[in-house]
> 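Following this message is one structure expressed as structure tokens.
Keep in mind the model is a prediction, meaning the values are calculated, not measured. FYI, the numbering just counts along the sequence from 1.
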Amino acid sequence: MTYREARVYLDEMSKYGSVLGLDTIRGLLRELGDPQDDLKFIHIAGTNGKGSVLAYTSMILSEAGYRIGRYVSPTVVSYLERIQVDAEWIREEAFARLTDKVRDAIARLEEAGEPLPTVFETETAIAFLYFREMNCDLVVLEAGLGGALDATNIVKNTVCAAFASISPDHLGVIGDTLDEIAENKAGIIKPGCAVVSAAQRENVSRILKGRAKDCGCSYEEADPAQVDIMEENYRGIRFSYKEFRDLHTHMTGKYQTGNAAAALEVIRILRDKGYEIPDSAVKQGMEKTRWPGRFHVIGEKPVFILDGAHNEDAALRLRESVESYFPGRRRLGIMGVFRDKDYERIAQIMGPVMDEIRPVDLPDRNRGLPSVELARTLEKYCPCVRDAGQGSVESAVEAALADAGETDVILAFGSLSYLHEVKAAYDRIREADEKRV
């Protein structure tokens, strides 16, 4: 099987959607020799910030000399980005070879009349095989949807269950209220593991603490009051947290120190468990951490930012960052979003702080909200909605760059799923501009 053939195989599988539950992946992994049982995990759940907590934690541990697997979704730059070891993406050859192995296992299940896995379960199995093959010391594992019934929750050897900020999202799928969503995500807590959380709303904290107590786990929550910010702008943040002094991150956004504090609490717990993580590794890991699509600055003059703010909480944090970092500057937006998200609320939050917004169609036309519909919503909140009905990401990026002055700010936000197209369009346009010069 070639890499292209592997992708075609998985793309065909993705047409059948997703199903929550662990029975099917349990059967698939058993057929593959249960590779996950030979690994240890830091399991991360949450609504916003999971990827950032994962990125900080894994980079610091890699800098400390451990071999660290990463499993993330969704991806922004490349499909291969979802499976990494020490921040290096899985190679096409390895991905194709392991996909072939999993396909054979699925064929045996089908022959035996067993339930067949979803694409996410299949990708998760491929990741576990790769991490075992690479002899990872720890795997930092991002839950896909929720926690309790997510395919990643098949793991047993959880060293630490970590939680980024939890807020309403996927309503009606993993819960109808914030309490139900928090209870679902708390399902990743395993008996005896350590539990770490970013600062949470009171009811969410109560649920996480209760689950931790029931499982005989320690519980530590990051304390925003102990974050000391010395310097902050859209290019980076210099800060201290508890015993960790004078750290610098290139990952910006008003919410980012909260994610960093949660990751540092994970590091503190691991130190208590005997992992050797010197201060130099913490400082270097924090400095080297990058995470595409999270207040990600890809250009200057004009400043061009990508941010996957696809729910109310993320949009509120994005607005706070925009107003703080760019007071008085003209702000041009590009927005694309899935139809199953609360796009009305996102538009209500972001529309008033943008001078204009261009709605676009997403690559996934089945889930994406058509740009013409999004335009009608944006017109209620934003003073100027441009190019309604055109929908092309390329044309939106080109028009925004042509319209923007050097001191203006362009912000592409909404679903993470289209930000790679924005970045690719930006790079093509800038490269063409350089050649003309």
> Give a yes or no answer on whether the side chain of Ser14 reaches the backbone of Asp11 with a donor-acceptor pair at less than 3.5 Å.
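Flag set: sc Ser14 to bb Asp11 pair under 3.5 Å.
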
> Mind telling me whether Phe128 and Tyr71 have parallel, tilted or perpendicular rings, with 30° and 60° as the class edges?
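Tyr71 and Phe128: tilted rings.
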
> With no hydrogens and no angle check, is any side-chain donor or acceptor of Gln348 less than 3.5 Å from a backbone partner on Glu344?
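Not confirmed, Gln348 side chain does not pair with Glu344 backbone.
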
> Is the shortest heavy-atom distance from the side chain of Leu270 to the side chain of Val159 under 4.5 Å?
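In short, these two side chains touch, coming nearer than 4.5 Å.
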
> Are any of the side-chain heavy atoms of Asn48 and Ser167 separated by less than 4.5 Å?
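Yes, close enough: below the 4.5 Å cut-off.
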
> Taking Lys185 for the side chain and Gly46 for the main chain, is one N or O donor matched with an acceptor at less than 3.5 Å?
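Yes, Lys185 side chain to Gly46 backbone: donor-acceptor pair under 3.5 Å.
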
> With distance as the sole criterion, is a donor-acceptor pair present between the side chains of Ser205 and Glu202 under 3.5 Å?
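No donor-acceptor contact under 3.5 Å links the two side chains.
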
> Between Lys283 (side chain) and Asp246 (backbone), is there a donor-acceptor pair under 3.5 Å?
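Yes, Lys283 side chain to Asp246 backbone: donor-acceptor pair under 3.5 Å.
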
> Please check this pair: side chain of Tyr241 against backbone of Asp223, looking for a donor-acceptor N/O pair closer than 3.5 Å.
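It does hold such a pair.
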
> For the backbone of Arg345 and the side chain of Asp342, can you confirm whether one donor and one acceptor N or O come within less than 3.5 Å of each other?
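Side chain of Asp342 to backbone of Arg345: a pair is present.
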
> Where the side chain of Asn157 meets the backbone of Asp37, is there a donor-acceptor pair that is under 3.5 Å apart?
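Yes, Asn157 side chain to Asp37 backbone: donor-acceptor pair under 3.5 Å.
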
> Does the side chain of Gln226 come under 3.5 Å of the side chain of Asp228 through a donor N or O and an acceptor N or O?
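No, no side-chain donor-acceptor contact under 3.5 Å.
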
> Please test Tyr234 against Glu300 for side chain to side chain contact (heavy atoms under 4.5 Å, CB included), starting from the C-alpha separation and ending with a verdict.
CA-CA 11 Å; Tyr234 72 90; Glu300 300 271 1; 2.7 Å; yes

> Would you mind writing out the side-chain donor-acceptor pairs for residues 133-148 within the sub-3.5 Å range, not counting sequence neighbours?
{"unit_1": "Glu133", "atom_1": "OE1", "unit_2": "Arg97", "atom_2": "NH1", "d": "2.9"}
{"unit_1": "Glu133", "atom_1": "OE2", "unit_2": "Arg97", "atom_2": "NH2", "d": "3.0"}
{"unit_1": "Asp137", "atom_1": "OD2", "unit_2": "Arg67", "atom_2": "N", "d": "2.7"}

> Ser78 side chain to Leu80 main-chain N or O, any donor-acceptor pair under 3.5 Å?
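Here the side-chain-to-backbone pair exists.
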
> Name all pairs fulfilling the side-chain hydrogen bond (donor to acceptor under 3.5 Å, both in side chains) condition that reach into residues 207-218, sequence neighbours left out, sorted by first residue then second.
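Applying side-chain hydrogen bond (donor to acceptor under 3.5 Å, both in side chains) to every pair that reaches into residues 207-218, excluding sequence neighbours, yields nothing.
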
> Taking the six-membered ring of Tyr79 as reference, does the cationic atom of Arg82 (NZ for Lys, CZ for Arg) lie under 6.0 Å from its centre and within 45° of its axis?
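Output yes; distance and angle both within limits.
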
